[in-house]
**Q** 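Next up is a structure, given as structure tokens.
In what follows, chains are A, B, ... by sequence order, proteins preceding strands, each numbered from 1.
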Amino acid sequence: MDLTTIVQILDSMMRLSTPLIFACLAGLFSERAGIFDIGLEGKMLASAFFSAATAAVTGSVLLGLLAGLTAATLLAMVHGVASITFRGNQLISGVAINFLASGFTALIGQNWFQLGGRTPSLSGDGRFLPVDLPFVETIAGIPFLGKLYGELISGHTLLVYLALPTVLLSWWILFRTRFGLRLRAVGENPEAVDTGGLSVSALRFQATLICGLLCGFGGAYLSTGMAAGFIRDMTAGKGFIALAALIFAKWRPGYALCACLLFGLLEAIAIRYQNIEIEGIGTVPLQLMQALPYILTVIILAGFVGKAIPPRAGGIPYVKER
Amino acid sequence: MENAALARPSGVAPAIELRGICKSFGPVRANHDISLSIAPGTVHGIVGENGAGKSTLMSILYGFYRADAGEIRIHGQRTAIPNSQAAIRAGIGMVHQHFMLVHNFTVLENVVLGAEDGPLLAPALANARSLLTRLSEEYELSVDPDAIIENLSVGHQQRVEILKALFRQADILILDEPTGVLTPAEAKHLFRILRNLRDEGKCIILITHKLQEILQVTDTVSVMRQGEMTATVKTKDTSADKLAQMMVGRKVLLRVDKTQSNPGDIVLETRKLCVIDAHDVPRLKNVSLSVRRGEILGIAGVAGNGQTELLAAIGGMTPASGEIHIKGQKIRLSGSGADPRVRRQLGIAHVPEDRHRHALVMEFHAWENMVLGYHNHRSFRRGSWFMNTFVIRTDSMERMRSFDVRPLLPETIARSFSGGNQQKIVLAREFSRSPDLLIVGQPTRGVDIGAIEFIHQRIVDLRDAGVAVLLVSVELDEILSLADRVAVMFDGSIIGERDIKDTDENELGLLMAGIAGGPA
């Protein structure tokens, strides 16, 4: 394997990890506040559709992003109302949101564009284009660094560059601010928060809102950054992989980044090596390679990777006892 | 009024004053016309039996409930307390019986939570750290600020709760049953802290049913009974004796038709039975007792003095040390073979104290609940794999009919029955399989009067049929009307045993308060 191949794989890992990072952080905020959210997938899908559709119609990717954020946030609020206000079952609400998003994006897509559920191909200002970082030309000549900087670090879209600071910001919010302390407390022992004179519902709604926004970024990236348009069910389980990464990361932002990069790397390898020859066994089928991230997801969710302790009050609607 | 006389020794406005507080839950008067005033720099005790209305009153003070009538004055100012936030603002701090701490946060984080004073954590944490250092010297309130809550002992966790209140500048501190979970040494330390706080001018309200503590640490004390505040006195003018009498009062006894008991062979005998809980706290200490055929041994005592553990140890729900003999046969108390199934096979029927947690599956049908624990019985099985639901249903119907369960619908889920009828389902299951020994905890908790009489009569019938009955109840009335002998538990041991004919509620009340060797 030469340097070019490695750089290419890592480059592709960066792009493939980005939606996972956003979704994983979204789940992190929600679950840290005690609201389980398996509707990450649905929210990303809704955002992917509305950002692509809006970008296609207006020709502006920023308006598209705004529409995507709005859609994901609205769905997040539906989840919030169901599980916080009405104390419904959070899993059922999440599943419902996934079905809803999968159904209505296809339906509305067909109705608006008559392309079998796709949106028209985006080009120019309709999508996030690769950004060339400064000095690429200057250091292109340097043998190792030039390639690394030029091909791996430079040349991604804006949202990829946004994903990494978001991880840092999430960590800072959760562990260095008053809001973060309260948010984590409400996911562990809402009674303590309540008797401390704080509103459990308000905190949980705020967490749900952040969750919606982050899903929105993830979804918009899928259809306007990574691809050039929306395709039916284009999230392809990324929301669930993000949940697996979240558990793998034990609900910590730094670990979440690593977990998402790992999943991205597996995907990148699967795309790159579609036919691997292993001596004595033969060719590894393409399907197995593509299934790798999903297999890892199953293994993680089945609890084979260490003991992950979720927030104690996770999934339980808060009812004032008195 | 006595109250008013106590309230203003020197003309200072009382730290807290209640006037005519009333609170009802449906037909139940939890608090009725409660007036109380407590001066700053006082430790005030509130005593009363379970259900006397102490917790309701404190919940009103901390904003969990709103009073139906009456007013609260803080330092002479009329104050509305619609929620906990208002209570905190009014300077009221509460140490709940079950601590309100986040188990995986540090002490500092718990102390500042909700009172951070600014969007960033660092200044708040630094602020709390310096306060903690100061307070730990001033009041002997030392706790490692960086320790994680779940690694702290219960006594230290309680200190964190007190620190939380002080960080919010509470000058009225309410402690609900603070010593229930503490070791004696920890309790002593707590009392020192409370005295230190009092000397600083804080007002401390201590809710407890332990009379010794009241006498040790309080300046004034109020007694609650059946939702009313029956007396407020200076601690130095009273005694445990007098308080016990005021607490228990004289109530109308429910009479049960009961003939002289006719005890036969010993069915249950325990020798030096001990139980140690998950936190290494001894809950049951060297309990030796015996129950014969055809008699009811009543276990009296204030809740939480080891009765639950006694039932659990005999019923096979918790490992114990010591000895238990059933019909002369020594049984295993821990490891394999020490489980409720084996106890059942030995002829023990168990009506647990908490029917929701240990006796019924609330979402199951009545008929399914009727067979729990007896589902392996041959007549309920078809082959080795299947249940014979037809037989189970007809059998359940019969048993429900004989216990007058209403509605008589075996297909109804347990949750839909009233408390009394739920209890009858449990009793029907346990009583009608001719046990040798019946252990029963709080048989009439949350049960209406009509059902109480019925249940009492059935327990006596079982005794007359030659069953040995061990009855645990915190209702002294129940013990007095049912038991042939009574043993009083205090702090995990049996503090006294009396024949029911030779004792009365006053003597038992004293024993329940931990005062042994009262008038014999």
**Q** Any chance CD of Q169(B) has more than 12 other-residue heavy atoms, nucleotides or ligands included, within less than 6.0 Å?
**A** no
**Q** Side-chain contact, heavy-atom cut-off 4.5 Å: F105(B) with L181(A)?
**A** yes
**Q** Do you know which of T177(A), I309(A), L198(A) has the most heavy-atom pairs with chain B at a distance under 4.5 angstrom?
**A** T177(A)
**Q** Supply the atom-to-atom distance F175(A) CZ to E109(B) CD, rounded to the nearest 0.5 angstrom.
**A** 9.0 Å
**Q** Is it the backbone or the side chain of N104(B) that comes under 4.5 Å from a heavy atom of chain A, or both, or neither?
**A** side chain
**Q** For R184(A), which atoms come within 4.5 Å of any heavy atom of chain B: side chain, backbone, both, or neither?
**A** both
**Q** Taking side chain as everything from C-beta outward and backbone as N, CA, C, O, which of these in R176(A) sits under 4.5 Å from a heavy atom of chain B? Side chain, backbone, both or neither.
**A** backbone
**Q** Can you confirm whether L113(B) sits close enough to R182(A) that some side-chain heavy atom of one is under 4.5 Å from a side-chain heavy atom of the other?
**A** yes
**Q** Counting only heavy atoms not in H98(B), do more than 12 fall under 6.0 Å of its NE2?
**A** no
**Q** Measure distances from H103(B) to the heavy atoms of chain A and classify the residue's part below 4.5 Å as side chain, backbone, both or neither.
**A** side chain
**Q** Restricting to non-hydrogen atoms, name the atom on A192(A) and the atom on M100(B) that form the minimum distance, rounded to 0.1 Å.
**A** CB-O, 3.3 Å
**Q** Verify the neighbour count for atom CG of N151(B): are there more than 12 heavy atoms of other residues, nucleotides or ligands below 6.0 Å?
**A** yes
**Q** Check whether more than 12 heavy atoms from other residues, nucleotides or ligands sit under 6.0 Å from atom CZ of F240(A), and answer yes or no.
**A** yes
**Q** To the nearest 0.5 Å, what is the distance between CG (N189(A)) and CZ (F99(B))?
**A** 12.5 Å
**Q** Minimum heavy-atom separation for T195(A) to Y62(B), with atom names?
**A** O-OH, 2.8 Å
**Q** Tell me, out of G180(A), G196(A), A185(A), who's got the most heavy-atom pairs with chain B below 4.5 Å.
**A** A185(A)
**Q** Test W172(A) against L120(B) for side-chain contact (heavy atoms from CB on, under 4.5 Å), laying out the working first.
**A** CA-CA 10 Å; W172(A) 185 79; L120(B) 293 186; 3.6 Å; yes
**Q** Top residue by heavy-atom pair count (under 4.5 Å) with chain A, among A87(B), G114(B), A122(B)?
**A** G114(B)
**Q** For the CZ atom on F364(B), are there more than 12 heavy atoms of other groups (residues, nucleotides or ligands in this structure) within a distance under 6.0 Å?
**A** no
